[in-house]
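Everything on this sheet refers to the single structure shown next.
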Amino acid sequence: MPELPEVETVRRGLSGLIVGKTIRAASTDNPKSFPNAQTDVDEFMIGAEITAIHRRAKVLLIELSTDYTLMVHLKMTGQLVFVANGVRFGAGHPNDSLVNALPDRSTRVTINFTDGSTLYFNDQRKFGWVRLLPTLEVPEIDFMKKVGPEPLAADFTAEQFAARFTRRAKTSIKAAFLDQSVVAGVGNIYADESLWGAKIHPTRLVGSVTKDEFALLYSELRDVMNLAIEKGGSSNQNYVNAEGKKGSYMDFARVFRREGQECPRCHSVIEKSRVAGRGTHTCPVCQLP
DNA sequence: CACTTGACCTGTCCGC
DNA sequence: TGCGGACAGGTCAAGT
């Protein structure tokens, strides 16, 4: 599920649930999901209090009182699910009783708190990861050094946005948009949604996109992401999202996963194709190649 | 360097 | 109903 709005939704929900709690135990059944669990958990996690949760790009940064940080990347199918007194929370409010008990077959990491509550990292495809490292070293890892600016930052301008793309003039605008070193947090949903909003075809070469088009793409991206955060993100039908709302952005999506339906702007039939190796949704009339 | 492709995994859906 | 292949909201490591 996770692009910037979904990770931000998880961050907000989780902040109200686990900040202030003390870790009693932590374990994984899959070393690739938590590579340094064996070496560092006992010393730097057990007994630590959770002091804050931040987000950078699509990564969650769970800060501990030991000056270590638990980094979490959900990749394609990762979820953080909190359970207290037998009640399961997506990352916000109590879910209904349809949800199966945890842990289940996709549970990769379990974190137990001293008050008896538990945080599960579930990840069907095992692409996601949890990593524990000194807070001071977080900015030094490759991902953090390479990742581009936060698109919703108050001081991030349309001019800066456009300038980030110049390095990638010869590739498609969609490939560049998905490149985390250009701008942080954009994934397949919000790339398609904002390219449609700006009436730019995803296969257009970056070099052909005008200054005015970049300005429009910048404001569409910010609008779409802000709306998605307000709606609790996008979720497929089995994901439990924050606020007990299940993430309703997909109800507002204009093109994503709407192939065969009408373009809300011109009523042409939305098409699905493949661009930059990803399923891509466009209006054939609003977005010309 | 910039760019593209395949790999990493599991599960589901679709066509034969 | 069974089976093969394509595909899924993301990065990486390789290759050109």
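First the proteins, then the strands, lettered A, B, ... as listed; each starts at 1. No experiment lies behind these values; they were computed from the predicted model shown.
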- Output field: ring centroids A/Tyr190/A/Tyr249 closer than 6.0 Å: yes

- Any residue of residues 165-173 of chain A with a heavy atom less than 4.0 Å from an atom of DNA chain B: A/Arg167, A/Arg168, A/Ala169, A/Lys170, A/Thr171

- Note on the structure: Considering only heavy side-chain atoms of A/Asn188, the closest of C/dT11, C/dC12, C/dG9 is C/dG9

Please give the distance between the [atom1] atoms of [N] and [M] as a whole number of Å.
N	M	atom1	result
B/dG11	C/dC12	P	23 Å
C/dT1	B/dT10	P	27 Å
B/dC3	C/dG9	P	23 Å

- Message: One thing to verify: whether A/Arg168 and A/Asp179 come together as a salt bridge, which I'm taking to mean a side-chain N less than 4.0 angstrom from a carboxylate O.
- Response: yes

- Query: Any Lys/Arg nitrogen of A/Glu49 or A/Lys21 sitting under 4.0 Å from an Asp/Glu carboxylate oxygen of the other?
  - Reply: no

- So what does A/Tyr190 touch, heavy atoms closer than 4.0 Å: a base, only the sugar-phosphate, or nothing? nothing

- Query: Counting a pair only when it is Watson-Crick or G-U and both distances are under 3.5 Å, which runs of at least 3 such pairs involve DNA chain C?
  - Reply: B:2-8 with C:10-16, B:10-16 with C:2-8

- Task: For nucleotides 5-11 of chain B, just jot down a letter per nucleotide in 5' to 3' order: B, S or -, based on protein non-hydrogen atoms under 4.0 Å.
- Result: ---BBBS

- Pick one: which of A/Arg55, A/Arg164, A/Lys58 meets salt bridge (Lys or Arg N to Asp or Glu O under 4.0 Å) with A/Glu150? A/Arg55

